[in-house]
Q: 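Take this structure, written in C-alpha cells, and hold onto it; I'll ask about it next.
The first residue in the sequence is number 1, and the count goes up from there.
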Amino acid sequence: IPTVLTNWAMAAVERSTVDMFLPESNAVASGNGLVGRTVPYQVMPVFAPDDIGEPHGDATFYVAQLPQQEYLLFVGAFGSYKGVDVLMQAYRQLTDPPPLVIIGYNTTEYPVATTDFPAGVHVFKNWPHHAVMEAWRRSMIGLVPSVWAEPFGLVVLEAMATCRPVISSRIGGLTDLVVDGETGLLVTPGDPIALQQAIEHLLADPSLRQRMGEAGKQRVREFQAATVIPRIEGVYRDILKK
C-alpha cells in the first residue's frame with residue numbers, strides 16, 4: 001500500500017519533468033492517460049527497416065514446407081491473447097477454405113494447444129525472420145485476431161510490406177496501422193463470426209485483396225526508419241532549443 005500511494009503521489013511530479021512523451025500508438029497514449037491533458041506528447045510509432053519488404057537469406061528449406069496453393073497466414077505466439085482460438089473457431093465455419101498457415105512459437109502465457117486444430121491448418125514453429133517474410137510473400141491474406149490491446153503490432157507492417165491485405169482486431173495500436181476498408185478490414189476482437197465474415201469477404205474478391213495489398217504497401221512507408229527517425233530527431237532538436 002505505501003508503494004502504491006507513493007507512486008500515485010509522485011506521478012504528477014514525475015510527469016512534470018518530462019519534456020515530451022513519445023507513445024508508440026494512440027492506444028498507448030490513451031492507456032497512459034496522456035490524451036485530454038496538458039501533458040506534452042506525440043505519437044511516435046515503432047519504425048520498421050526501410051528494406052522490410054525485401055528478401056533476406058535463403059528460405060528454400062522453409063518455403064518447401066508451405067502449401068502449394070495460396071493460403072491464409074497468422075504469425076505470432078500460440079496464445080489465446082493473440083486470438084488463436086478465435087481464429088480456429090472462424091476457420092471451422094468457412095466453406096471449402098484455403099489452407100491456414102500458422103507460424104509462431106509456444107508461450108506459457110495463456111497457451112493454446114496446437115494439436116487439435118481443424119484440417120487444413122499447417123503449424124510451423126520457431127522459423128527465422130527471413131523465412132517468415134517469405135511466407136508472407138506467398139500468402140493471400142494476413143490475419144491478426146488479437147484479443148488484447150497490442151501496443152503496436154509490427155507483424156501488421158510485415159504483412160503489408162509484402163503487399164498483403166490484413167484482417168485485424170479493432171483494438172489497441174492495431175487500429176493505427178490497418179485502415180478499415182483501405183488496407184484491410186477491422187473486426188471486433190473475440191468475435192469469430194465477424195472474423196469469418198471478413199475472411200469470406202476478401203476471399204470472394206481477389207481484386208479487392210490486390211487493391212488493399214497495394215494500399216498497405218504504400219502505407220508502410222509512413223512507419224519506415226527513413227520517415228520516423230527524422231521525426232524523432234526533430235523532437236530532440238526542438239527540446240534542445242528550449
Q: Applying the 4.5 Å side-chain criterion to the ILVMFWY set and letting contacts propagate, would V235 and I229 be lumped into a single cluster?
A: yes
Q: Would you sort out whether I232 and Y236 count as a side chain to side chain contact (heavy atoms under 4.5 Å, CB included), showing the intermediate values?
A: CA-CA 7 Å; I232 298 174; Y236 277 89; 3.7 Å; yes
Q: Might you point out which heavy atoms bring A27 and G173 nearest each other, and give the distance in Å?
A: CB-N, 3.6 Å
Q: Hydrogens and angles aside, do D58 and H130 bring a side-chain donor and acceptor to less than 3.5 Å of each other?
A: no
Q: Would you say V112 ends up clustered with Y81 if hydrophobic residues are merged whenever their side chains have heavy atoms under 4.5 Å apart, either directly or through other cluster members?
A: no
Q: Would you compute the distance between atom CE of M212 and atom CD1 of I141 and round it to the nearest 0.5 angstrom?
A: 9.5 Å
Q: Mind checking the CG-CD spacing from L174 to E150? Nearest 0.5 Å is all I need.
A: 5.0 Å
Q: Would you mind writing out the side-chain donor-acceptor pairs for residues 86-104 within the sub-3.5 Å range, not counting sequence neighbours?
A:
{"unit_1": "Y91", "atom_1": "OH", "unit_2": "P98", "atom_2": "O", "d": "2.7"}
{"unit_1": "R92", "atom_1": "NH2", "unit_2": "D116", "atom_2": "O", "d": "3.1"}

Q: How far apart are the closest heavy atoms of A198 and V187, and which atoms are they?
A: CB-CG1, 3.7 Å
Q: Is R231 close to M44 at the side-chain level, that is, under 4.5 Å between some pair of heavy atoms?
A: yes
Q: How far does CH2 of W148 sit from NZ of K82, to the nearest 0.5 angstrom?
A: 6.5 Å
Q: Verify, without hydrogens or angle tests, whether D50 (side chain) and A226 (backbone) share a donor-acceptor contact under 3.5 angstrom.
A: yes
Q: Can you find a heavy atom in the side chain of V156 that is under 4.5 Å from one in the side chain of E158?
A: no
Q: Quick one: side-chain hydrogen bond (donor to acceptor under 3.5 Å, both in side chains) partners of R137, sequence neighbours excluded?
A: E134
Q: Is W127 close to Q65 at the side-chain level, that is, under 4.5 Å between some pair of heavy atoms?
A: yes
Q: Find out if a path of hydrophobic residues (ILVMFWY) with successive side-chain heavy-atom gaps under 4.5 Å connects L195 to Y71.
A: no
Q: Show the nearest heavy-atom pair for residues V28 and P23, with the distance to one decimal.
A: CG1-CB, 3.8 Å
Q: Say whether, by atom type as modelled, one donor and one acceptor occur between the side chain of T183 and the main chain of D180 under 3.5 angstrom.
A: no
Q: Quick one: do L143 and I199 satisfy side chain to side chain contact (heavy atoms under 4.5 Å, CB included)? Show the steps, please.
A: CA-CA 9 Å; L143 302 171; I199 294 173; 4.0 Å; yes
Q: Applying a strict under-4.5 Å side-chain criterion to I, L, V, M, F, W and Y, I'd like to know whether V75 and V121 cluster together.
A: no
Q: Supply the atom-to-atom distance R138 CZ to Q68 CD, rounded to the nearest 0.5 angstrom.
A: 9.5 Å
Q: With distance as the sole test, does R209 use its side chain to make a donor-acceptor pair with the main-chain N or O of P165 at under 3.5 Å?
A: no
Q: Dump the intermediate steps for side chain to side chain contact (heavy atoms under 4.5 Å, CB included) on V43 and Y41, then the final yes or no.
A: CA-CA 7 Å; V43 173; Y41 80 92; 4.2 Å; yes
Q: Might you point out which heavy atoms bring Q224 and I52 nearest each other, and give the distance in Å?
A: NE2-CG2, 3.7 Å
Q: Okay, side chain of D51, backbone of E54: is any donor-acceptor separation there less than 3.5 Å?
A: no
Q: Can you measure from OH (Y105) to CG (N126) and round to the nearest 0.5 angstrom?
A: 10.0 Å
Q: Between D176 and S25, is there a donor-acceptor pair closer than 3.5 Å when you use the side chain of the first and the backbone of the second?
A: no
Q: Rounded to the nearest 0.5 Å, how far does CG of L208 lie from NE2 of H201?
A: 5.0 Å
Q: Where is the tightest heavy-atom contact between A77 and V84, given as atom of each residue plus distance?
A: O-CG2, 3.7 Å
Q: Taking side chain as C-beta onward, heavy atoms only, is V228 less than 4.5 Å from P45?
A: yes
Q: Could you see if F74 belongs to whatever hydrophobic cluster contains L66? Use Ile, Leu, Val, Met, Phe, Trp, Tyr and a side-chain cutoff under 4.5 Å.
A: no
Q: Looking at every non-hydrogen atom in both residues, tell me the closest pair between F152 and V46 and how far apart they are.
A: CZ-O, 3.4 Å
Q: Between F124 and H122, how do the two ring planes meet: parallel, tilted or perpendicular, split at 30° and 60°?
A: parallel
Q: Do H56 and H129 touch side chain to side chain, with heavy atoms closer than 4.5 Å?
A: no
Q: Measure the shortest side-chain to side-chain distance between I167 and V144 over non-hydrogen atoms and say whether it is less than 4.5 angstrom.
A: no
Q: I'd like to know if the side chain of R164 and the backbone of W136 have a donor-acceptor N/O pair within less than 3.5 Å.
A: yes
Q: Verify whether one side chain among N32 and S30 offers a donor that lies under 3.5 Å from an acceptor in the other.
A: no
Q: Under 3.5 Å, side chain of S169 to main-chain N/O of I171, donor-acceptor pair present?
A: no
Q: State whether the number of non-hydrogen atoms from other residues, nucleotides or ligands found under 6.0 Å of Q69 atom CD is greater than 12.
A: yes
Q: Around atom CZ of F223, are there more than 12 heavy atoms from other residues, nucleotides or ligands closer than 6.0 Å?
A: yes
Q: Where do C163 and E214 land on the side chain to side chain contact (heavy atoms under 4.5 Å, CB included) test, with the steps shown first?
A: CA-CA 5 Å; C163 210; E214 292 172 350; 3.8 Å; yes
